[in-house]
Amino acid sequence: MKSALCILGSTGSIGTSTLDVVARHPERFEVFALTGHRRIEELLQQCLRWQPRFAVLPTPEAAQELRRSLAVHQIPTEVLVGADALDWVASHPEVDAVMAAIVGAAGLRPCLAAARAGKRLLLANKEALVVGGELFMRTVEEGGATLLPIDSEHSAIFQCLPTDRALWPGLIDHIILTASGGPFRQRDPATLSSVTPDQACAHPNWVMGRKISVDSATMMNKALEVIEARWLFNLTPSQVRVVIHPQSIIHSMVVCRDASVLAQLGTPDMKVPIAYGLSWPGRIESGASRLDFLSLSALTFEEADARRFPGLQLAWQALEGPAGSTAVLNAANEVAVAAFLEGRLRFDQIHAVNAATLEGLSVPTASTESMAGLLALDELARRYADQYIAALPT
């Protein structure tokens with residue numbers, strides 16, 4: 001039987017790559033539900049191609065626009081609205097696997113819904129773990145969900161480890177997450193104040209959305225990935241390390257207790273971890289190009305420059321802070337990146353907003369014990385970051 005897929009965030013880069021992989025295996029997969037945010041025309045085209053049972057949009061106005069367009073083409077897809085609808089399709093009894101590709105903290109709720117329902121959960125939304133942490137992992141365990149990381153770095157670590165998770169603690173000394181260094185790896189830190197959004201979004205190796213591209217340019221994506229790895233692999237913060245690898249060929253490494261190093265290599269294409277997540281524990285054709293070792297000039301590694309990437313250290317600071325600190329860091333960063341993309345904040349001020357919010361906001365006790373508490377903490381941190389940005393000199 002075909003595996004029924006729910007793709008949360010189907011119009012983003014991960015969602016479209018997922019559909020590209022699915023198109024290569026029509027005998028194995030069918031699309032049950034697609035969800036989008038602002039790109040209504042893209043979602044329409046996906047519905048015309050895949051004819052899912054359900055499509056979800058955030059507002060009644062957007063949903064009505066899609067309904068009218070689908071009616072013209074006589075497509076029977078039912079269009080639903082809002083966060084409750086996201087939870088419903090993610091946990092629907094007929095869904096076998098959920099691709100969680102909604103960017104930001106907004107993806108936490110449907111991820112939890114899928115986990116509670118025991119789905120195969122392909123996690124591309126790192127914020128679910130950055131914000132949810134212990135609550136999310138507990139829900140995965142209690143719901144009997146199969147959690148498969150889709151971020152290239154975490155998928156690489158996962159591919160290097162045995163399927164029996166009980167063996168992991170005795171095998172791992174530490175892990176190394178690789179980072180490309182983004183577009184400003186060699187730029188003079190003194191010039192970063194003049195960086196434009198288009199420059200920050202011009203990643204040298206990967207094709208990503210604008211928010212994630214900015215995170216790569218500041219290395220905040222790697223800070224969030226450090227936090228994600230701590231929870232995914234049940235590690236202490238000191239067991240997660242980062243090295244810059246400009247070629248993006250080695251996607252991450254496991255350093256074993258016997259000093260062996262296990263690494264996963266490949267071309268920088270998100271279709272590879274997506275295909276692995278869809279087919280695990282097997283493997284299927286991804287559509288990515290093969291790695292040609294004879295064309296590689298070198299594989300190099302560098303230490304991250306703290307002057308150029310000060311935000312990276314906030315990962316360990318948040319992990320060692322009070323419970324909920326990682327949720328605060330994520331909320332501040334989402335606000336700061338949005339302000340930068342809107343022209344309200346300089347690129348070099350993103351770190352200042354994140355650091356000030358993390359250090360200045362008092363985290364309420366018990367805020368991480370429930371979904372409601374996490375969302376309230378997220379909103380509190382966003383207000384703090386907004387106020388900090390408003391007070392900055394223009």
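Every value quoted in this text rests on a predicted model; they were computed, and no experiment measured them.
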(message) Below 30° counts as parallel, above 60° as perpendicular, anything between as tilted: where do the rings of Phe233 and His154 land?
(response) parallel
(request) State the CE-CG distance between Met219 and Leu312, to the nearest 0.5 angstrom. (result) 4.5 Å
(request) Rounded to the nearest 0.5 Å, what's the gap from CD1 on Ile157 to CG on Leu232? Could you check? (result) 10.5 Å
(request) Please round to the nearest 0.5 Å and tell me the distance separating atom CD1 of Ile102 and atom CG of Leu108. (result) 10.5 Å
(request) Starting at OG1 of Thr77, measure out to CG of Leu66 and round the result to the nearest 0.5 Å. (result) 8.0 Å
(message) For Gln159 and Ser155, which I'm curious about, is there any donor-acceptor pair between the side chains at under 3.5 Å?
(response) yes
(message) According to a hydrophobic-cluster definition based on side-chain heavy atoms being under 4.5 Å apart (Ile, Leu, Val, Met, Phe, Trp, Tyr only), do Leu19 and Val56 belong together?
(response) yes
(request) Under the side-chain hydrogen bond (donor to acceptor under 3.5 Å, both in side chains) rule, collect the residues that match up with Asp305, sequence neighbours excluded. (result) Arg307, Arg308
(message) I'd like to know if the side chain of Thr11 pairs up with that of Gln46 as donor and acceptor (distance under 3.5 Å, no hydrogens or angles considered).
(response) no
(request) Please examine the side chains of Thr357 and Leu329, heavy atoms only from C-beta on, and report whether any two atoms are closer than 4.5 Å. (result) no
(message) Please tell me whether Thr196 and Asp198 have a donor and an acceptor in their side chains that are separated by less than 3.5 angstrom.
(response) no
(message) Ignoring hydrogens and geometry beyond distance, is a side-chain donor-acceptor pair present between Gln45 and Glu41 at under 3.5 Å?
(response) yes
(message) Assess, by modelled atom type and distance only, whether the side chains of His351 and Gln349 contain a donor and an acceptor separated by less than 3.5 Å.
(response) no
(request) Give a yes-or-no answer on whether the side chains of Arg67 and Gln64 include a donor-acceptor pair shorter than 3.5 Å. (result) yes
(request) Could you tell me whether Arg382 and Glu379 make a salt bridge, using a distance below 4.0 angstrom between a side-chain N and a carboxylate O? (result) no
(request) Indicate yes or no: at least one non-hydrogen side-chain atom of Pro246 is less than 4.5 angstrom from one of Arg185. (result) yes
